[in-house]
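See below for the structure under consideration.
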Amino acid sequence: MLKQTIKTFVSRLFATPPSGPVRLSYDKHGIDRRLVSRHAIKVCEVLNQQGFDAYIVGGAVRDLIVGLQPKDFDVATNATPNQIRPLFRRARIIGRRFQLVHVVFGQEIIETSTFRAPASGTQETDEHGRILRDNEFGTHEEDAARRDFTINALYYDPLKEEVIDFHQGVADLKNRVIRMIGDPDTRYREDPVRMLRALRFQAKLSARIDPATEAPITRLANLIEHVPDSRLFDETLKLLTCGHAMDCLRELRRSGLTKSLIPLIDRIFAEDGGEAFVEIALSRTDARIRAGKPISPSFLFAALLWRLVQKRWVKLMAQDVQRNEALIRAADSVIEEQMHNLAIQRRHQADMREIWLMQARFERATVRSIWRMMEQPRFRASVDFLQLRAESREVDSVLAQWWMDLANSGDERRSEMIDAWQAGHTGARRIGAGNPSRKRRRRRKSSSDTGDQAPYPASDQSD
Ligand code: ATP
Ligand code: MG
């Protein structure tokens with residue numbers, strides 16, 4: 001405890017800039033005011049008119065300086081939540097531990113928070129130094145010191161068009177350096193999620209992590225395990241959807257963080273073709289992000305873990321477990337193992353399962369099952385998933401394309417496609433017929449694997 005207090009004291013000493021903040025004008029920061037949310041500017045204006053200080057802060061300032069489009073705009077001010085709220089028509093106070101105000105303008109919410117004090121050493125922590133309660137208002141300077149990296153502690157005054165920089169963050173940003181404010185060891189202990197954030201900003205900004213900031217990560221990686229599940233899941237998801245997912249995953253593995261988050265990944269990478277599959281999946285994720293399309297967490301995790309599901313599926317079938325049953329067992333065992341580390345919410349688990357289980361049905365569909373499959377909510381995602389498998393040469397690409405065309409078609413065209421398939425398959429149709437023998441099934445599968453089958457699914461009784 002004493003050691004921790006001394007460390008925190010030293011950390012704060014270093015966190016305090018020797019000569020106060022630097023004020024940078026447009027020619028130094030280059031922020032194009034036209035790219036700043038007019039609602040965020042409005043919040044600052046209103047607070048200013050009332051005699052308060054108010055700045056746009058954090059990720060938005062960082063991204064604007066390097067020419068990226070900010071995800072959202074946050075405002076920091078010396079007004080308290082109760083002083084902020086009455087100034088806006090639609091504003092609500094949220095948060096229990098630390099209250100802040102959501103100022104609502106149509107679709108856009110400007111998160112407006114009061115300057116906050118950093119860890120004082122007297123905050124309640126767990127036995128590893130993780131801060132459990134952190135809810136004191138503070139000064140502007142203190143607010144800067146409690147932020148994680150120098151590049152995230154920049155304040156933009158949209159009225160004066162000035163950036164206020166307490167920790168030489170603009171220089172670090174221009175040099176592409178991720179540097180922790182204060183003593184990195186202490187700050188990671190206070191909040192281990194900062195390790196994930198360091199890796200994310202490194203990948204997102206093509207930056208390097210300053211050696212002193214990077215050094216403790218491998219040693220402290222296991223502290224991630226004490227972070228509450230939902231927060232950990234959110235930050236991991238942010239990491240995998242920052243537009244550079246594979247770089248992030250490689251860094252996670254290098255620093256040992258996957259061991260506490262997704263240890264199965266290490267095993268998947270060790271499998272033949274495992275890394276390639278993940279790479280294909282993640283490059284598609286990155287492409288979607290770049291195109292501004294949404295990412296579904298369940299699809300992402302389904303793709304990350306698929307190769308292990310598939311391996312277990314094949315193994316169980318080799319032990320004579322029925323095909324669908326084998327896939328169910330493989331899927332459940334992988335989900336259960338994953339849950340020991342990074343817990344995935346139940347609704348995402350259910351979707352992952354659905355995407356995986358439908359994979360067994362694409363190759364063996366019947367007329368009846370095709371219509372039923374199309375009614376399932378995760379049908380589209382499952383067809384997308386099939387494309388991934390085709391791209392990694394795990395299934396026939398003609399088969400995957402047939403399903404993709406089906407998914408993209410309207411009802412009329414779907415009927416035609418299914419009729420055409422049925423007509424071409426009357427002899428082989430097995431609705432109402434007995435189960436095909438194992439030998440015949442195997443024969444059919446191998447013909448589809450070599451791609452010499454017609455461009456439609458083989459029929460089967462397995463549904
Ligand atoms: P993004 O582009 O993902 O939104 P961001 O830096 O804005 O990146 P947020 O999670 O939105 O990330 O946080 C806003 C700001 O709050 C950060 O820029 C940083 O100043 C501060 N912050 C966020 N998380 C932490 C943390 N774990 N420790 C210290 N400061 C943090
Ligand atoms: Mg942000």
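Numbering of ligands and ligand atoms starts at 1, following listing order. All of these numbers come straight from a predicted model, not from anything done at the bench.
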Discussion item. Evaluate Phe201 for polar contact with ligand 1, using N/O atom pairs at a separation under 3.5 Å.
Written reply: no
Discussion item. As an exercise, identify every atom of ligand 1 less than 4.0 angstrom from a heavy atom of Lys204.
Written reply: 2 (O)
Practice prompt. Look at the rings of Tyr55 and Phe115 and say which category their plane angle falls in: under 30° parallel, 30 to 60° tilted, over 60° perpendicular.
Written response: parallel
Worksheet entry | Closest to atom 8 (O) of ligand 1 among Arg147, Arg62, Lys71 (heavy-atom distance) | Arg62
Fill in: Identity and separation of the nearest protein heavy atom to atom 11 (O) of ligand 1
Asp74 OD2, 4.2 Å
Worksheet item: If you count the atoms of ligand 1 from 1 in the order shown, which ones are under 4.0 Å from a heavy atom of Arg194?
Response: 26 (C), 27 (N), 28 (N), 29 (C)
Worksheet item: Does an N or O from Asp148, backbone or side chain, lie closer than 3.5 Å to an N or O of ligand 1?
Response: yes
Practice prompt. Show your working on side chain to side chain contact (heavy atoms under 4.5 Å, CB included) between Ile65 and Ile31 and close with a plain yes or no.
Written response: CA-CA 6 Å; Ile65 292 177; Ile31 292 179; 3.8 Å; yes
Worksheet, complete the sentence: Shortest non-hydrogen pair, Val61 vs Ile56, comes out as CG2-O, 3.3 Å
Worksheet item: Quick one: does Arg231 get a heavy atom under 4.0 Å from ligand 1?
Response: yes
Discussion item. Please report whether ligand 1 has a polar contact with Glu235, defined as an N or O pair separated by less than 3.5 Å (distance criterion only).
Written reply: no
Worksheet item: Would a line drawn from the ring center of His29 to the ring center of Tyr156 be shorter than 6.0 Å?
Response: yes
Discussion item. I'd like to check which ligand 1 atoms, numbered from 1 as shown, lie under 4.0 Å from a non-hydrogen atom of Asn152.
Written reply: 6 (O), 18 (O), 19 (C), 20 (O)
Worksheet entry | Atoms of ligand 1, numbered as shown, that sit under 4.0 Å from any heavy atom of Gly58 | 18 (O)
Worksheet item: Hey, which atoms in ligand 1 end up nearer than 4.0 Å to a heavy atom of Arg146?
Response: 29 (C), 30 (N)
Discussion item. Can you classify the ring geometry of His39 versus Phe105 as parallel (below 30°), tilted (30 to 60°) or perpendicular (above 60°)?
Written reply: parallel
Practice prompt. Evaluate the ring planes of His348 and Phe233, with Trp represented by its six-membered ring, and classify them as parallel (under 30°), tilted (30 to 60°) or perpendicular (over 60°).
Written response: parallel
Discussion item. Quick check on contacts: which atoms of ligand 1 are under 4.0 angstrom from a heavy atom of Arg200?
Written reply: 1 (P), 3 (O)
Worksheet item: Can you list the atoms of ligand 1 that are under 4.0 Å from a heavy atom of Asp191?
Response: 26 (C), 27 (N)
Worksheet entry | Atom CZ of Arg393: over 12 foreign heavy atoms under 6.0 Å | no
Discussion item. How close do Ala390 and Ala400 get, counting heavy atoms only, and between which atoms?
Written reply: CB-CB, 3.6 Å
Worksheet item: Which residue holds the protein heavy atom closest to atom 22 (N) of ligand 1, what is that atom called, and what is the gap in Å?
Response: Arg197 NH2, 3.7 Å
Worksheet item: Can you tell me if CG on Asp32 sees more than 12 non-hydrogen neighbours from other groups inside 6.0 Å?
Response: yes
